[in-house]
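Per chain, numbering begins at 1; letters A, B, ... match sequence-line order. Excluded from the calculations below are hydrogen atoms, water molecules and symmetry mates; all remaining heavy atoms, backbone and side chain alike, are included.
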Protein chains: 2
Amino acid sequence: MSSTRVLLLGVLLDGPLHGYEVRRRLEMWGADAWANVAYGSIYHGLGKMADEGLLHRVEEGKGGRTLYEITEAGRAEFLARLMSHWWEIKPIVDPFQVALTFMDRLSPADLTAAMKARAVQLRAAIEMLGRAIEAKRGHGAPRHIDETLRLNAAQLQAQLTWIEDAVGRVGRGELP
Amino acid sequence: MSSTRVLLLGVLLDGPLHGYEVRRRLEMWGADAWANVAYGSIYHGLGKMADEGLLHRVEEGKGGRTLYEITEAGRAEFLARLMSHWWEIKPIVDPFQVALTFMDRLSPADLTAAMKARAVQLRAAIEMLGRAIEAKRGHGAPRHIDETLRLNAAQLQAQLTWIEDAVGRVGRGELP
DNA sequence: TGACAGATACACAAATTTGAATAAAAACTT
DNA sequence: AAGTTTTTATTCAAATTTGTGTATCTGTCA
């Protein structure tokens, strides 16, 4: 989808890379936590955008590696799509909303157990993100990448707050 | 994906429906704000699960309509997958994270303008969700569906809070 | 009544995503 | 140095998602 294309173009802004390295960088930025960056998606996207002239294939002989270099058209496309990502509010796809939708289909006991277990996991995940931010995410990620971690943590915190409230309401029979 | 399947199975728990009506219900629950529920996804998912024995096709003659009825295997699958949605924390796919990742590629002026415009839109969206909850979402949606709206609002609020903070930091040159 | 907008109902090609498989090169082990 | 594991690098079929196209039905207003 559009997001994947922005990510690929964005990674290639500062110089050509091959598919595997592209994926490495995205993983370093934690993109696997909020985007579709499986290898198949990467290689498909690179190939497609090369066909469309947004990227240029640079063969590298050695062991079949192919470098992809962004073209001028690619840079223009990147900026346009990046702008639309800033200006347009697009749906946040969240599997937990599916769980919520059918909370009435679990027994109160199962529901409470699931909520408590989830709360524990969420606290752990949030704490881990906090430590990652402290540790400056080490590697070679630019400073503003921390912001994605912060936002991610805030989203998980929103979910945790909802759950902590909901546990009480389920206990008092106010939910579902 | 797995979430779509849970949604389809869940909608069919209380009786057979045809594809269009399935989509109507999901839209009524606001699922288009946090899941992939385009018509193509619905019809494909229904057909596939029918082939797999999770649903049973019931022809209805009139104008080519096909009703889908959940099977016992389908109910089992629903419960199993619903549980996994409660117990496992799966990535929240958020296009705005892509925007954040490349905030350093916009001029400070463009960035500030985009953030301010987005903040306005977010406040409007959050208020609209609030009103939808007040209005009990009218139609025929069960009461606990409000919770999905609340969680959605909380996620948008988390984003708004981040932006309000970030506008200041960009202004002071602390970001990016 | 008939014409036309809108709602109902589905189908389909193209694009994307998933998940696993493959194979070569590098690093380690004994 | 031969064997084993790990990392690098890509490919592929199958599943899913998107976006749009088509046909039928229903209400309504002149």
Going by the rule salt bridge (charged side-chain N to carboxylate O under 4.0 Å, His left out), which residues pair with B/Glu164 if we only count those two or more places apart in sequence or in a different chain? B/Arg123
May I have the distance from B/Asp51 (atom CG) to D/dA15 (atom P), rounded to whole angstrom? 10 Å
Distance test, side-chain N/O of B/Asn36 to OP1/OP2 of D/dT18, below 4.0 Å: yes
To the nearest angstrom, the CE-C1' distance between A/Met49 and C/dA15 comes to 13 Å
Interatomic distance, B/Arg5 CZ vs C/dT18 P [rounded to whole Å]: 15 Å
Parallel, tilted or perpendicular, judged at 30° and 60°: which one describes the rings of A/Phe96 and B/Trp86? perpendicular
When rounded to whole Å, the CZ to C1' distance for the pair A/Arg81 and C/dT16 reads 13 Å
Would you say B/Thr4 reaches D/dT16's phosphate, i.e. side-chain N/O to OP1/OP2 under 4.0 Å? no
A/Trp34 CH2 to C/dT17 P, in whole Å, measures 13 Å
Of the options D/dT10, C/dC10, C/dT8, whose atoms approach the side-chain atoms of A/Tyr43 most closely? D/dT10
DNA chain D nearest-nucleotide lookup for A/Ser41 and B/Ile42: closer to the 5′ end is A/Ser41
CG of B/Leu7 versus P of D/dT17: gap in Å, rounded? 10 Å
In whole angstrom, what separates A/Leu8's CG from C/dA15's C1'? 14 Å
Among C/dT17, D/dA15, D/dT18, which is the nearest nucleotide to the side chain of B/His44? D/dA15
In terms of the angle between their ring planes, are A/Tyr20 and A/Tyr39 parallel, tilted or perpendicular, with boundaries placed at 30° and 60°? parallel
Have A/Arg57 and A/Thr66 got a donor and an acceptor in their side chains that come within less than 3.5 Å? no
Check: A/Thr101 and B/Ile145 side chains under 4.5 Å, non-hydrogen atoms: yes
Between B/Tyr68 and B/Arg24, the residue closer to the 5' end of DNA chain C by nearest nucleotide is B/Arg24
Go through residues 15-23 of chain A and report each residue with a non-hydrogen atom lying under 4.0 Å from DNA chain C, sorted by number. none
Are the side chains of B/Ser3 and A/Gln97 in touch, meaning some heavy atoms are under 4.5 Å apart? no
B/Tyr39 side-chain proximity, nearest of C/dC10, D/dT11, D/dT8: C/dC10
What integer distance in Å separates A/Leu54:CG from C/dA15:P? 13 Å
In chain order, what residues pass the salt bridge (charged side-chain N to carboxylate O under 4.0 Å, His left out) check against B/Lys48, with sequence neighbours excluded? B/Glu52
